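For reference, the structure is listed below as structure tokens.
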Amino acid sequence: MERSILGFHGDEAGDWVAELDCGHSQHVRHRPPFDNRPWTTTEPRRRAKLGQRLACPNCDHFEMPDGCRAYKRTPEFDASSIPDGLRKAHSTKPGVWAKLHVLEGRLRYIVQPPLAREFLLEPATSGIIVPEILHHIEPLGSVRFYVEFYQRPTF
């Protein structure tokens with residue numbers, strides 16, 4: 001999944017790290033022949049990359065960024081009270097992550113391309129919702145769950 005570059009910072013070893021709009025960060029080293037990124041070597045070249053897209057493997061693996069904090073949660077829903085909007089394709093806003101918490105029963109969590117996955121959620125398994133990715137849910141019989149929303153960390 002590609003994400004926009006918001007900024008850069010140096011790490012303790014002096015390498016550059018791209019700050020992505022999803023909240024993850026990613027090293028952008030220039031170490032030819034394996035890592036060929038000469039644009040990282042000067043401030044003007046790095047600045048020219050702001051807003052451009054960079055692959056984020058952490059989003060591909062449904063990993064919430066470190067430092068996310070919960071700021072809101074839905075009421076508890078059951079199979080009869082699930083809002084129609086959750087049953088059809090929808091997404092969170094940029095920078096907003098979420099977790100589906102199943103309290104009882106089972107819930108199918110379906111993620112559309114580009115991440116295209118399907119998860120069976122139960123009380124022991126929560127589902128991570130990646131920002132801006134279309135998804136929907138389907139109850140599998142009797143179920144009780146809620147959704148908790150998280151803000152991406154600031155750099």
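What you see is a predicted model; the values in this text were computed from it and never measured. The residues of the chain are indexed from 1 along the displayed sequence.
- Phe77 and Phe145 have tilted rings, their planes meeting at an angle from 30° to 60° on a 0 to 90° scale.
- Atoms CG and CG, on Leu20 and Asn58 in that order, are 9.0 Å from each other to the nearest 0.5 Å.
- In this structure, NZ in Lys49 is found 9.5 Å from CZ in Arg37, a value given to the nearest 0.5 Å.
- Summarising the geometry, atom OH belonging to Tyr150 is positioned 10.0 Å from atom CZ belonging to Arg73; distances are rounded to the nearest 0.5 Å.
- Checked options His101, Lys99, Lys72; the residue passing with Glu148 is His101 (criterion: side chain to side chain donor-acceptor pair (under 3.5 Å)).
- Taking CG of Leu107 as the reference point, atom CG of Leu86 lies at 9.0 Å (rounded to 0.5 Å).
- Residues Trp97 and Leu6 do not share a hydrophobic cluster, clusters being chains of Ile/Leu/Val/Met/Phe/Trp/Tyr side chains in contact below 4.5 Å.
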Distance-only donor-acceptor hits, side chain of residues 115-136, under 3.5 Å, sequence neighbours excluded:
unit_1, atom_1, unit_2, atom_2, d
Arg117, NH1, Asp60, O, 3.0
Arg117, NH2, Asp60, O, 3.3
Glu132, OE2, Arg3, NH1, 3.3
His135, ND1, His90, O, 3.2
His135, ND1, Ile133, O, 2.9
His135, NE2, His90, NE2, 3.1

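- The closest side-chain heavy-atom distance from Glu104 to Ser142 is not below 4.5 Å.
- Side chain of Asp21 to main chain of Ser4: a donor-acceptor pair is present (N/O by atom type, distance under 3.5 Å, no hydrogens or angles).
- A distance of 10.5 Å separates CZ of Phe8 from CD of Gln26, quoted to the nearest 0.5 Å.
- Criterion: ILVMFWY side-chain heavy atoms under 4.5 Å apart, direct or through other members. Under it, Met1 and Leu54 are not part of a common hydrophobic cluster.
- In this structure, His61 contributes its side chain and Pro57 its backbone to a donor-acceptor pair below 3.5 Å.
- Atom CZ of residue Arg87 and atom CD1 of residue Ile110 lie 11.5 Å apart, to the nearest 0.5 angstrom.
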Quick one: do Leu103 and Tyr146 satisfy side chain to side chain contact (heavy atoms under 4.5 Å, CB included)? Show the steps, please.
CA-CA 8 Å; Leu103 303 171; Tyr146 66 92; 3.9 Å; yes

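- Using modelled atom types, no side-chain atom of Arg45 and backbone atom of Thr40 make a donor-acceptor pair closer than 3.5 Å.
- Shown here is Asn36, whose CG atom has more than 12 heavy atoms of other residues, nucleotides or ligands within 6.0 Å.
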